Amino acid sequence: MSSTIHNCVIIGSGPAGYTAAIYAARANMNPVLYTGQEPGGQLMITTDVENYPGYPEGIMGPQMMEDFKNQAARFGTKIIYEMISEVDFSGPVHKIWSETGEEIQAHSVIISTGASAKWLGLESEQTFMNNGVSACAVCDGFFFRGQEVAIVGAGDTAAEEASYLSKLCTKVHMLVRRDEMRASKIMQKRVMDTPNIEIHWNTEVKEIMGGETVEKIRVHNNKSNQESEMTVNGLFVAIGHKPNTDMFKEWLDMEDSGYLITKPDSTKTNVDGVFASGDAQDHVYRQAVTAAGTGCMAALDAERYLTAKGII
Ligand code: NDP
């Protein structure tokens with residue numbers, strides 16, 4: 001165990017975590033940021049980000065996160081490429097353990113652990129995971145060049161990924177479980193205007209079949225009650241995300257869905273000195289810019305907390 005008690009430990013390295021780090025470092029809080037398993041978070045698997053202000057021509061997600069990281073590092077944030085696996089928020093000094101077993105102590109903790117892709121929960125989905133089944137078109141679409149694929153979901157992610165896949169694949173079957181899409185109107189129009197995307201309404205995946213990799217899927221039309229098979233080489237799942245908050249269950253108030261609950265107009269959790277930001281606590285907006293905004297709020301809340309305690 002190190003005898004140092006850090007002023008501020010930030011868990012997570014998406015827009016929320018790095019923004020918190022920029023503000024905390026510039027406030028002389030000497031923050032230490034643990035990146036987690038996927039440094040840079042969800043934007044590392046995104047292509048063009050066109051809606052983050054300040055980039056009139058758009059920017060690639062990984063480049064944007066590199067910029068965030070460099071800006072946090074420029075002001076002295078200590079960035080550690082490890083995952084946090086356990087926390088103990090029982091004392092006035094908070095304890096955190098990294099995957100290496102090292103115990104870290106902190107007066108304040110900012111949680112920005114983000115969210116991860118949801119899965120359908122089919123047994124056959126597990127069987128073909130990474131062998132034809134993927135939750136990231138940008139990561140894996142390349143492997144399906146010139147082939148026919150299906151994508152499940154009807155939100156902005158599914159629409160964006162269908163659009164991305166349509167440029168690589170001969171045909172993209174978009175499987176929508178209701179008779180309407182949740183995606184924004186502009187994204188719906190983009191999908192509908194793409195000739196090699198076929199939308200299958202009221203359609204749910206029942207089984208994924210194949211040999212070593214996916215060869216076909218069995219789908220059910222919940223309106224006509226008909227089942228049919230579709231020949232595809234890949235199935236992309238784009239049905240939303242789950243917040244990465246399991247390790248905080250014992251300590252922090254959260255919604256049934258796992259989103260951390262913060263006090264109104266703040267990032268304060270139910271534990272003094274522990275603050276939550278980004279997709280781990282926001283199930284409404286879930287944008288890079290809003291995550292960055294709450295990361296900033298968390299650093300300001302942490303700074304006020306440390307000042308009131310006479311720690312900085
Ligand atoms: P959403 O929660 O918005 O959408 C999930 C979709 O998956 C819904 O259409 C839902 O159907 C469907 N779904 C959920 N479970 C199942 C299931 N078991 N079987 C079949 N379909 C299922 O998630 P997204 O990841 O699409 O988006 C998250 C947030 O990020 C949103 O706020 C979105 O606007 C934003 N976003 C913005 C982008 C941009 O602006 N460029 C890009 C990507 C995301 P149903 O509608 O029936 O519930």
Side-chain angles (χ1 to χ4, degrees), residues 14-16 41-62 64-65 114-126 133-139 141 149-166 172-192 197 199-208 217-223 227 230 232 235-244 255-259 278-294:
Q42 291 179 70
L43 281 166
M44 297 302 283
I45 52 171
T46 306
T47 48
D48 280 310
V49 180
E50 295 177 337
N51 52 10
Y52 200 92
Y55 295 104
E57 306 302 325
I59 183 163
M60 300 303 274
M64 186 163 106
M65 294 324 295
S116 299
K118 277 188 191 167
W119 297 97
L120 294 169
L122 300 171
E123 211 175 293
S124 50
E125 183 181 46
Q126 288 296 323
V133 171
S134 165
C136 177
V138 176
C139 318
V149 297
I151 183 162
V152 189
D156 280 325
T157 303
E160 197 176 80
E161 298 208 337
S163 191
Y164 179 83
L165 290 168
S166 72
V172 180
H173 299 273
M174 190 165 178
L175 314 178
V176 177
R177 69 175 172 183
R178 291 186 293 136
D179 56 5
E180 60 177 346
M181 282 195 211
R182 188 182 292 270
S184 54
K185 291 281 175 265
I186 186 169
M187 291 304 290
Q188 290 193 34
K189 185 171 180 334
R190 196 173 295 177
V191 164
M192 287 170 187
I197 299 179
I199 301 170
H200 302 259
W201 303 102
N202 301 101
T203 302
E204 296 173 50
V205 179
K206 289 293 168 198
E207 200 184 349
I208 305 157
I217 54 176
R218 189 158 51 81
V219 296
H220 175 246
N221 185 306
N222 57 32
K223 208 165 189 179
E227 282 209 350
M230 205 176 266
V232 290
L235 178 73
F236 288 85
V237 179
I239 59 171
H241 291 80
K242 179 186 175 300
N244 300 319
E255 317 255 1
D256 291 344
S257 52
Y259 286 95
D279 285 12
Q281 59 88 47
D282 170 23
H283 55 88
V284 179
Y285 303 105
R286 296 180 293 188
Q287 299 299 300
V289 68
T290 50
T294 55

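Note that the coordinates shown come from a computational prediction; the quantities given were computed from them, not determined experimentally. All ligand and atom numbering here is 1-based and tracks the order in the structure.
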Where is the nearest protein heavy atom to [atom]: which residue, which atom, and how far?
| atom | result |
| --- | --- |
| atom 20 (C) of ligand 1 | Val152 CG1, 3.5 Å |
| atom 3 (O) of ligand 1 | Arg182 CD, 3.4 Å |
| atom 11 (O) of ligand 1 | Arg177 NE, 3.3 Å |
| atom 42 (C) of ligand 1 | Glu160 OE2, 3.4 Å |
| atom 7 (O) of ligand 1 | Ile239 CA, 3.2 Å |
| atom 25 (O) of ligand 1 | Thr157 OG1, 2.6 Å |

Please answer whether the main-chain N or O of [Y] pairs with a side-chain N or O of [X] as donor and acceptor at a distance below 3.5 Å.
| X | Y | value |
| --- | --- | --- |
| Asn244 | Ala280 | no |
| Asp282 | Tyr285 | yes |
| Asn222 | Arg177 | yes |
| Gln188 | Met181 | yes |
| Ser163 | Glu161 | no |
| Glu125 | Gly121 | yes |

[X] neighbourhood, listing ligand 1 atoms whose heavy-atom distance to it stays under 4.0 Å:
| X | value |
| --- | --- |
| Asn51 | 39 (C), 40 (O), 41 (N) |
| Gly155 | 4 (O), 6 (C), 9 (O), 26 (O) |
| Arg178 | 45 (P), 46 (O), 47 (O) |
| His241 | 25 (O) |

Beyond-backbone contact of Val237 with Ser134, side-chain heavy atoms, under 4.5 angstrom: no
Within-4.5 Å side-chain heavy-atom neighbours: Leu235 and Val152: yes
Structural part of Leu120 in contact with ligand 1, heavy atom criterion under 4.0 angstrom: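 Within the 4.0 Å criterion, Leu120 contacts ligand 1 through side-chain atoms alone.
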Gln287, portion touching ligand 1 at heavy-atom distance under 4.0 Å: side chain
Contact check, Arg286 vs ligand 1, heavy-atom distance below 4.0 Å: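 The answer is yes, since Arg286 has a heavy atom less than 4.0 Å from ligand 1.
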Whether Met181 lies under 4.0 Å from ligand 1, heavy atom: no
From OH (Tyr259) to NE2 (His241), nearest 0.5 Å: 8.5 Å
Min N/O separation Gly153 to ligand 1 under 3.5 Å: no
Glu227 with Arg218: basic N within carboxylate O range, under 4.0 Å: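 Yes, Glu227 and Arg218 are salt-bridged.
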Shortest reach to atom 38 (C) of ligand 1 by a heavy atom, considering only Val237, Asp156, Asp179, Val176: Asp156
Closest to atom 23 (O) of ligand 1 (judged by heavy-atom distance), picking from Ala135, Ser184, Gly240, Ala158: Gly240
Residues in side-chain hydrogen bond (donor to acceptor under 3.5 Å, both in side chains) contact with Gln126, at least two apart in sequence or another chain: none
